[in-house]
Enquirer: 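Dropping a structure here in structure tokens format, bear with me for questions.
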Amino acid sequence: MGKGAGAAGVDEPLLPEFSGGHGGGASVSGAVFNLSTSIIGAGIMSIPAAMRVLGVVPALVLIAAVALLSDVSVEFMLRYTAWASGPPSYAGIMGDAFGRRAGAAALNVFIAFTTAGTLVVYLIIIGDVLSGSVDGGGEHAGVLQELFGPQWWTSREFVILATAVAVLLPLVLLRRVDSLRYTSALSILLAAVFMLITMGIAVYTVFTGTAKMPRMLPDFSTLASPFELFTAVPVIVVAFTFHFNVHPIRAELSKTSDMKSAVRISLVLCAAIYAAVGFFGFLLFGDATMPDVLANFDRSSGSGVPQALNDAARLSYALHLVLVFPLLHYSLRVNVDELLFPGRRPLAADTRRFVALTAVLMGLLYALAIAIPSIWTLFQYSGSTFAVCISLIFPGAIVLRDVHGIAKRKDKAMAAMMITLAVITSSIAIASNVMSSIKGEVKGVSAGAK
């Protein structure tokens, strides 16, 4: 961690909307770790399924294109942050462009729904990996039940509760984003471990002759309609939706001007990890690749892959989600607080409100994770709506609105293209999912959101 900056000491609680734009002493490497954690946590397990639909080459092109658009949209956000009359946050620049009541409130609602849903998914997956699940009529034992058998303390309800209270709660009670830099670094390491294990299992199956040669292009004979290809687009967009963490992380940099470099390094790193996990996952499971790739790891033991490798893959991913959880919860808490208590003093300065809101949110997330066995179908649609708006449509709309008169003609052309592509692809994806649902042929490709 670098030197403190002015009055904002390094130990001082800091929330994004009240940072005042002063650096908090965090390093570029810390920002890269936190940004990469936000990005990778958004949907790494869905990339192999997206590659199954699109084929290797189109999927790699789509990953690169969405990463590039994400870089452009974040650059737009940072540029308008420098001119913002309100707080230096995503909600602040939305409030500048469309008014606090309409713009900022709409963004906070979208972020709250996106992050809450993603956190519930994380808890469900953690429970499935450690305890097991019976979703979709198929049963698979979790790691704890494989080792110790069915016990009251290996039940899904207790495992998720114990994880939430003993592991997640201490992390989400930290008041500074940069306090999570070590867990973020470990999270990136675990994502790399997951990638390497996937690669190792794929190589193992190549030598044993059980690998499935991945298709380079889509197989239209397996699609109900060519429009089904568009259902993979929201998956990749969700996987790169991290925009709500840009300002909190920027606020704690020693030099806020370093944020552009941190974003680009993170996007390149995460795009490479996505490409590797997608390719080797698709190589391993072929056309049997599931939206939740962890389900494949559970089933793959029948193909001769050592069970220890399957368990290592599942556990590394579950631990990755545990460490990603605090960053997303941070954004959820900030946005819910702004919606419920507008104009109140900073959340970090009000211990009672901070602890109470954290406890209530954790309780609600736990209850939803227990009550909802699977929310994959929900994320087929949220990926085409909330995430697309947060990552592409809202930043483009800020540029087109251009209340400060700083956008160039090429900026507005790029913004218009971003919005047009987002609306067209998301509309087609939603229509395709609706048609598949009506026909009873939901494939759940868009299920693996952050």
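For reference, positions follow the sequence shown, starting with 1.
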Enquirer: When you measure from the side chain of S391 to the backbone N and O of T241, does any donor-acceptor pair fall under 3.5 Å?
Expert: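 Side chain of S391 to backbone of T241, a donor-acceptor pair under 3.5 Å: no, none is there.
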Enquirer: I need the minimum non-hydrogen distance between H243 and S73, along with the two atoms involved.
Expert: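 Taking every non-hydrogen atom into account, NE2-OG, 2.8 Å.
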Enquirer: Please determine whether the number of non-hydrogen atoms from other residues, nucleotides or ligands lying under 6.0 Å from atom CE of M362 exceeds 12.
Expert: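 For M362, atom CE is crowded (more than 12 foreign heavy atoms under 6.0 Å).
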Enquirer: Do I398 and Y90 come close enough that some side-chain heavy atom pair is under 4.5 Å?
Expert: yes
Enquirer: How about F76 and M414: do any of their side-chain heavy atoms sit closer than 4.5 Å?
Expert: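 In short, these two side chains touch, coming nearer than 4.5 Å.
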Enquirer: F341: what forms a side-chain contact (heavy atoms from CB on, under 4.5 Å) with it, not counting sequence neighbours?
Expert: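 Scan of F341 (side-chain contact (heavy atoms from CB on, under 4.5 Å), adjacent residues dropped) gives D337, R344, R353.
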Enquirer: Tell me, do E157 and L161 make a side-chain contact under 4.5 Å, heavy atoms counted?
Expert: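 E157 does not reach L161 side chain to side chain.
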Enquirer: Once you round to the nearest 0.5 Å, how far does OG1 of T425 lie from CD1 of I236?
Expert: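 Here the interatomic distance stands at 12.0 Å.
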Enquirer: Using every non-hydrogen atom in the two residues, find where R401 and A97 come nearest and quote the distance to one decimal.
Expert: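 Nearest pair, atom of R401 first, then A97: NE-O, 2.8 Å.
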Enquirer: Are the side chains of H329 and L365 in touch, meaning some heavy atoms are under 4.5 Å apart?
Expert: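 Side chain of H329 against side chain of L365, heavy atoms only: contact under 4.5 Å found.
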Enquirer: Which heavy atom of P395 sits nearest a heavy atom of C389, and at what distance?
Expert: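 Scanning both residues completely, I find the closest heavy atoms to be CD-O, 3.9 Å.
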Enquirer: The test is side chain to side chain contact (heavy atoms under 4.5 Å, CB included); show your working for I47 and F282 and say whether it passes.
Expert: CA-CA 9 Å; I47 305 301; F282 190 28; over 6 Å; no
Enquirer: Please, which pairs that meet side chain to side chain donor-acceptor pair (under 3.5 Å) have at least one residue in residues 354-372, sequence neighbours excluded?
Expert: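 Non-adjacent pairs meeting side chain to side chain donor-acceptor pair (under 3.5 Å): R333-T358.
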Enquirer: How many angstroms lie between CG in L196 and OG in S316, if you round to the nearest 0.5 Å?
Expert: 9.5 Å
Enquirer: May I ask you to test the L267-F242 pair for a side-chain heavy-atom distance under 4.5 Å?
Expert: yes
Enquirer: Can you label the angle between the F240 ring and the Y274 ring as parallel, tilted or perpendicular, going by 30° and 60°?
Expert: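 Perpendicular.
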Enquirer: Taking all heavy atoms of M418 and all of G396, pick out the closest pair and write down the distance.
Expert: CE-N, 4.4 Å
Enquirer: Would you check if the side chain of R250 reaches a backbone N or O of M259 as a donor-acceptor pair within less than 3.5 Å?
Expert: no
Enquirer: Please report the shortest heavy-atom distance between A318 and V129, naming the atom on each side.
Expert: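 Shortest heavy-atom contact: CB-CG1, 3.8 Å.
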Enquirer: In chain order, what residues pass the side-chain contact (heavy atoms from CB on, under 4.5 Å) check against I428, with sequence neighbours excluded?
Expert: F227, F230, I424
Enquirer: Report yes if the side chains of D411 and D402 come closer than 4.5 Å at any heavy-atom pair, otherwise no.
Expert: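 Sidechains of D402 and D411: no contact.
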Enquirer: Under a 4.5 Å cut-off applied to non-hydrogen side-chain atoms, are Y317 and I125 in contact?
Expert: yes
Enquirer: Would you call W83 and I93 a side-chain contact if the rule is heavy atoms closer than 4.5 Å?
Expert: no
Enquirer: Go through V423 and I393 one step at a time and tell me if the side chain to side chain contact (heavy atoms under 4.5 Å, CB included) criterion holds.
Expert: CA-CA 8 Å; V423 171; I393 294 178; 4.1 Å; yes
Enquirer: Within this structure, what is the CG-CD distance for the pair L78 and E75, rounded to the nearest 0.5 Å?
Expert: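 The distance works out to 7.0 Å.
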Enquirer: Test V53 against V235 for side chain to side chain contact (heavy atoms under 4.5 Å, CB included), laying out the working first.
Expert: CA-CA 11 Å; V53 172; V235 172; over 6 Å; no
Enquirer: Rounded to the nearest 0.5 Å, what separation is found between the CG atom of L321 and the CG atom of L123?
Expert: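 Separation between the atoms: 9.5 Å.
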Enquirer: Over 60° means perpendicular and under 30° means parallel, so classify the ring planes of F110 and F386, tilted if in between.
Expert: perpendicular
Enquirer: Taking all atoms of both residues into account, what is the closest heavy-atom pair of A262 and V28, and its distance?
Expert: CB-CG1, 4.3 Å
Enquirer: Less than 4.0 angstrom from a charged side-chain N to a carboxylate O is my criterion; do D71 and K260 meet it?
Expert: no
Enquirer: Any chance you could measure L319, atom CG, to L189, atom CG, to the nearest 0.5 Å?
Expert: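 Reported to 0.5 Å precision, the distance equals 11.0 Å.
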Enquirer: When rounded to the nearest 0.5 angstrom, what distance separates CG in N108 from CG in L339?
Expert: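 Atom-to-atom, N108:CG and L339:CG are 4.5 Å apart.
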Enquirer: Let's go through V334 and I111 carefully: what are the C-alpha distance in whole Å and the side-chain angles of both, what is the deciding distance for side chain to side chain contact (heavy atoms under 4.5 Å, CB included) to 0.1 Å, and is it a yes or a no?
Expert: CA-CA 10 Å; V334 166; I111 292 178; over 6 Å; no
